[in-house]
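Taking it in order: structure first as C-alpha cells, then the write-up.
Here is the naming used below: chain letters follow the sequence lines, and residue numbers restart at 1 for every chain.
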Amino acid sequence: MLDGLLQGFAVLLTFENLAFCLLGAFLGTIVGVLPGLGPTATIALLLPISLKMDVTGAIILLSGIYYGVAYGGTITSVLMRIPGEASSVVTCLDGYEMARKGRAGAALGIAAIGSFVAGTFGILGITLIAPLLAEVVLSFGPAEYAAMMFAGLCLIMFFAQSGVLKALLMAAIGLTLGTIGLDPISSTPRLTFGLTDLIDGIDIATLAIGLFGISELLMLARNRPDSGAVLTPPNRLFAFLPNREESRRSVMPIARGSVLGFLVGLLPGGGAVLASFLSYAIERKLSKHPEEFGRGAVEGLAGPEAANNSGTAGAFVPMLTLGIPSNAVTALLLGAFLIHGVVPGPLIMEQHPEVFWGVIASMYVGNVILVLLNVPLIGLFVRALDVPRAYLATMILMVCVIGVYSSNLAPFDIALTIAFGFVGYAFRRANYDLAPLILAFVLGPTFERSLRQLLLIEDGDLIGGLWNSPIALTLVTLGVVLLVSGLAGLGRSYSHED
Amino acid sequence: MIALRKRLVPLATLLAVAGAWAVAGSLDLWTIDGPGPGLLPKIALMVTAIVALILLIRPDPVPESETEEVERYPRSFVVYSLACAFIAVSVPWLGFVLPGLVCVCAILRFAEDRSWFVSLGYAVALLAVIVLLFGTLLNVQFPDGPLEDVLQSNGLL
C-alpha cells in the first residue's frame with residue numbers, strides 16, 4: 001500500500017499533473033461558488049475535452065473539480081445564504097447566521113479547517129479500505145456482481161430526492177438507454193430505429209452533457225435566481241481563525257462528521273448531500289442547546305461541513321474498487337475512466353496502479369491546495385458571481401456543442417445532446433431526480449453482462465443461481481426490501497393525501 | 001393545469017416506450033445460446049411502462065418545488081430553445097463557427113437584451129477563444145463548414 005502511494009506521488013509530482021490538480025481545485029471552487037452550475041454539469045462538459053488528455057491527468061482534473069466544489073459551495077452559503085451546490089444547503093443555516101453576527105471569518109475558517117480534516121480523513125479511508133475491498137471483490141462471480149449492481153441501484157432509488165417511484169422510472173429509462181446499440185454478445189442491433197449513428201450506442205458524454213449541461217442552460221434561461229446581498233468577507237488572514245470557544249465547540253462535530261460522512265459516502269445513493277443533512281440532524285440531537293441551531297450554532301456548521309467533504313471522498317471507494325458509482329458525479333467519473341479504456345474495479349490496482357494511486361495522491365495534495373486557495377482568495381471567488389448569466393450561458397452552450405462533437409466527430413451527437421437537454425429539462429421541471437438515470441445508464445452494461453452470464457451458467461434458473469451464493473442472495477434481498485419499503489412509504493403518503 | 005403538467009412526463013414516456021417496444025418486439029428473450037439480446041431491453045421497457053402508467057394515473061402528490069425565489073423569463077427560454085434547436089440542425093451543413101456566431105448573437109440580443117454591438121462583439125470574441133483553445137491548442141477537429149475552411153487555410157484549425 002505504501003509502495004503504491006509512493007508511486008502515486010511520483011506520478012502526481014510532474015508539472016502537468018500538478019497543474020491539473022491545481023486547475024481542478026480552482027475550477028471546482030468556482031463551480032461551487034456559482035449557484036446553478038454544479039459539479040455534474042461541469043464534469044459532463046469536460047468529459048469530451050478529457051479525451052485529449054492522458055487518463056491520469058484527466059481523472060486528477062475531474063476529481064479535483066468534484067472535491068473542490070464542496071469547498072466553494074461553503075463560501076456563498078456563509079456569505080450570501082445561497083448554496084453554491086446541494087451539499088452546502090445545510091451550511092446556509094448556521095454559517096450565514098454566524099456571518100450576520102460578525103463571525104464570517106470564523107465561519108469560513110471553521111468550514112475550511114473542518115473540510116480539510118474531514119477530506120484528509122476520507123482520503124486516508126480510501127487508501128486503507130480500497131485495497132482491502134478490492135481483494136474481497138476479486139472472489140465475486142456473475143451472481144454477486146449482478147446482485148451488487150441491483151442492490152446499488154435500489155439504494156440509489158431509496159435515497160433519491162424525488163421519491164422511489166420517480167427514481168424507479170428514471171433508472172428504468174437509464175437501463176433502456178444503456179441497451180441501445182449492438183448487443184455485446186450476438187451483435188444484434190437493439191433499439192437503434194434503423195439509425196446507423198446509434199449502432200455504437202449512446203456515448204456517456206452525449207447523454208450527460210444533454211441531461212446536465214443543456215438542461216441547466218435551459219433552467220438558467222427560464223429562471224433568474226435572486227442574486228442576494230453578499231456579506232463582506234474578511235480581508236485579513238487572522239480574521240479566519242475561530243476563537244477558543246468556537247474551536248472547542250467544533251472539534252467533536254468535525255470528528256463525528258468525518259466518520260459519518262465517510263461511511264455515508266460509501267453507500268450508493270449516499271455521498272456528500274446525504275452526509276451533511278445526517279450530520280446536522282445528529283449534531284442537533286446531541287447538542288445541549290438545540291435551540292441555537294439555525295441561529296449560528298458552531299456545531300451546525302462544523303459537523304455538516306466535515307461530513308460533506310469526507311462523504312465526497314468516501315464516494316470514491318465503491319467507484320474505484322467495485323466499479324459502482326455512488327452518485328451522478330462519480331458515475332461521470334466512471335464514464336471518464338471507461339472512455340480512456342480503464343475499467344474501475346478490483347483489478348484497477350493491478351492493471352493501472354499509476355492511475356489509481358496517482359488519483360489518490362492528487363486528493364491529498366488537492367486538499368492542501370484547496371485550503372491554501374480558499375482562505376486568501378475568498379474575495380476573488382465571490383467576484384465570480386458578478387459574471388453575467390448571458391456570458392456564462394452562451395459559453396456553456398458553445399463548449400457543450402464542440403465538446404460533444406469532439407467525442408465521436410458526429411454531428412448526430414449534437415442533435416442527440418440537444419434532445420436530451422430538452423428531456424432533462426422536462427424531467428427537472430417535473431421534479432424527477434436525474435441521478436438514477438445516469439447511474440443506471442452507466443451500470444446497465446455491466447449489470448446485463450453479469451445477469452446473462454449468471455443465467456447462462458444456471459441454465460435460466462435465476463433463483464437457483466442466487467440461492468447458491470449467500471452474498472448475492474443477501475444483496476438481492478436487501479435491494480428488494482429497500483425498494484418495497486420505499487414504495488410502501490410512497491403508498492402511505494398517497495393514502496395520507498387522500 | 002398542474003395535474004395535467006404532472007402527467008405530461010409519464011404520458012410522453014409511455015409514448016416513447018410504445019415506439020421503443022415496436023422496435024424491440026422482434027428481439028429474442030432467449031436463444032439456443034442462452035439469454036437473448038431482448039432480455040434486458042424488454043424488462044427495462046416493461047418496468048418503464050408500468051411505473052409511467054402508475055404515475056399517469058396517480059401523479060406524485062408532492063407539489064412542484066421552487067426552492068429559490070426566481071423571476072420567470074419565458075421569452076428568454078424560447079430564444080435559448082430556438083438557438084439550441086438551430087445549432088443542432090445547422091451544424092451538419094454550416095459547421096460550428098457560423099451557427100455558433102448566430103446563436104450567441106441571437107441569445108444576447110433577443111434573450112438578454114444586450115445591444116447589437118455588444119452581442120456581435122461578444123459572439124466573435126467567444127468563438128475566437130473557442131477556436132484558439134479547442135482547435136489550435138487542443139487540436140479538436142471541427143465540423144466542416146464555410147468558416148472552418150477559411151480558418152483551416154490560415155492554419156488555425
Side-chain angles (χ1 to χ4, degrees), chain A residues 49 52 162-163 165-166 168-169 172-173 175-176 179 183 185-186 188 190-193 214 217-218 221-226 388-391 393-395 397-399 401-402 405-406 409 411 414-415 417-419 421-422 426-427 429-432 444 447-448 451-452 455-456 460 493-494 497, chain B residues 5-6 8-9 13 20 23-24 27 30-31 34-35 37 39-41 44-45 47-48 51-52 54-55 58 60-62 64-65 68-74 76-77 80-81 83-85 87-89 91-92 96 100 103-104 107-108 111-112 114 122 126-127 130 134 138-143:
Chain A
I49 298 166
K52 297 276 168 193
S162 56
L165 203 58
K166 282 181 164 182
L168 185 58
L169 182 68
I173 292 173
L175 276 178
T176 310
T179 63
D183 172 41
I185 296 173
S186 65
T188 311
R190 304 189 296 183
L191 300 174
T192 57
F193 295 89
I214 300 291
L217 185 83
L218 295 171
R222 189 172 184 278
N223 303 333
R224 201 166 293 189
D226 280 353
R389 178 192 71 156
Y391 301 141
T394 44
M395 191 179 72
L397 177 62
M398 290 300 110
V399 173
V401 172
I402 199 63
Y405 179 79
S406 69
L409 304 182
I414 298 174
T417 302
I418 301 288
F422 283 107
F427 283 145
R429 287 272 293 129
N431 281 338
Y432 284 81
F447 175 66
E448 183 181 18
L451 183 69
R452 285 169 76 172
L455 288 169
L456 198 62
S493 78
Y494 273 114
E497 280 278 312
Chain B
R5 212 165 58 194
K6 281 185 174 180
L8 275 179
V9 167
T13 307
V23 182
L27 296 171
W30 198 269
T31 65
L39 184 68
L40 192 66
L45 283 171
V47 175
T48 310
V51 179
I54 294 171
L55 286 167
R58 305 195 70 180
D60 184 7
V62 180
E64 288 191 19
S65 67
E68 285 179 276
E69 283 181 29
V70 289
E71 294 174 56
R72 302 260 171 259
Y73 286 82
S76 170
F77 176 75
Y80 272 86
S81 303
C84 286
I87 206 153
V89 173
V91 165
F96 169 72
C103 268
V104 174
I107 287 173
L108 288 177
E112 306 289 350
R114 299 291 198 276
Y122 178 71
L126 177 64
L127 267 297
I130 287 177
F134 288 85
L138 291 172
N139 285 322
V140 169
Q141 200 173 328
F142 278 47

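In terms of heavy atoms, A:Phe193 sits closest to B:Ala20 at CZ-CA, 3.9 Å. B:Pro35 and A:Leu456 get closest at one heavy-atom pair: CD-CD1, 3.8 Å.
With chain A as the partner, the residue from B:Ala44, B:Pro37, B:Cys103 showing the most heavy-atom pairs under 4.5 Å is B:Pro37. Ranked by heavy-atom pairs under 4.5 Å with chain B, the list A:Leu455, A:Ile402, A:Leu218 is led by A:Ile402. Note on B:Tyr122, B:Tyr80, B:Phe96: by heavy-atom pairs under 4.5 Å with chain A, the leading option is B:Tyr122. When A:Ala390, A:Pro411, A:Ala415 are compared by the number of non-hydrogen pairs under 4.5 Å with chain B, A:Ala390 comes out ahead. Most heavy-atom pairs under 4.5 Å with chain B, from the set A:Thr176, A:Thr188, A:Leu175, A:Val399: that is A:Thr176. Comparing B:Pro143, B:Cys84, B:Ala52 by how many heavy-atom pairs each has under 4.5 Å with chain A, the most go to B:Pro143. Of the listed residues (B:Val9, B:Val89, B:Ile130, B:Thr13), the one with the most heavy-atom contacts under 4.5 Å to chain A is B:Val9. Highest contact tally toward chain A, considering only B:Thr48, B:Ile107, B:Leu27, B:Leu8, is held by B:Thr48 [criterion: heavy-atom pairs under 4.5 Å]. For the set B:Ala83, B:Ala85, B:Pro92, the entry with the most heavy-atom pairs within less than 4.5 Å of chain A is B:Pro92.
A distance of 4.5 Å separates OG1 in A:Thr179 from CG in A:Leu191, rounded to the nearest 0.5 Å. Between the OG atom of A:Ser406 and the CD atom of B:Gln141 there is a distance of 10.0 Å, given to the nearest 0.5 Å. We find the NZ-CG distance between A:Lys166 and A:Asn431 to be 5.0 Å, quoted to the nearest 0.5 Å. Expressed to the nearest 0.5 Å, how far CZ of B:Phe142 lies from CZ of B:Phe134 amounts to 7.5 Å.
Only the side chain of A:Ile418 comes within less than 4.5 Å of a heavy atom of chain B; its backbone N, CA, C and O stay farther away. Proximity to chain B involves both the backbone and the side chain of A:Thr394, based on heavy atoms less than 4.5 angstrom apart. Only the side chain of B:Leu126 comes within contact range of chain A, with at least one heavy atom under 4.5 Å from a heavy atom of that chain. Within the 4.5 angstrom heavy-atom criterion, only side-chain atoms of A:Tyr405, from C-beta onward, approach chain B. Neither the backbone nor the side chain of B:Thr31 comes within less than 4.5 Å of any heavy atom in chain A. If you measure heavy-atom distances from A:Ile185 to chain B, you find no contacts under 4.5 Å at all.
With contacts defined as side-chain heavy-atom distances shorter than 4.5 Å, the pair A:Tyr432/A:Leu169 qualifies. Side chains of A:Glu448 and B:Leu39 form no contact here, defined as non-hydrogen atoms less than 4.5 Å apart.
Geometrically, B:Arg114 engages A:Tyr391 in a cation-pi contact defined by less than 6.0 Å to the ring centre and at most 45° from the axis.
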For this session: Go through A:Leu397 and A:Ile214 one step at a time and tell me if the side-chain contact (heavy atoms from CB on, under 4.5 Å) criterion holds.
Result: CA-CA 7 Å; A:Leu397 177 62; A:Ile214 300 291; 3.8 Å; yes
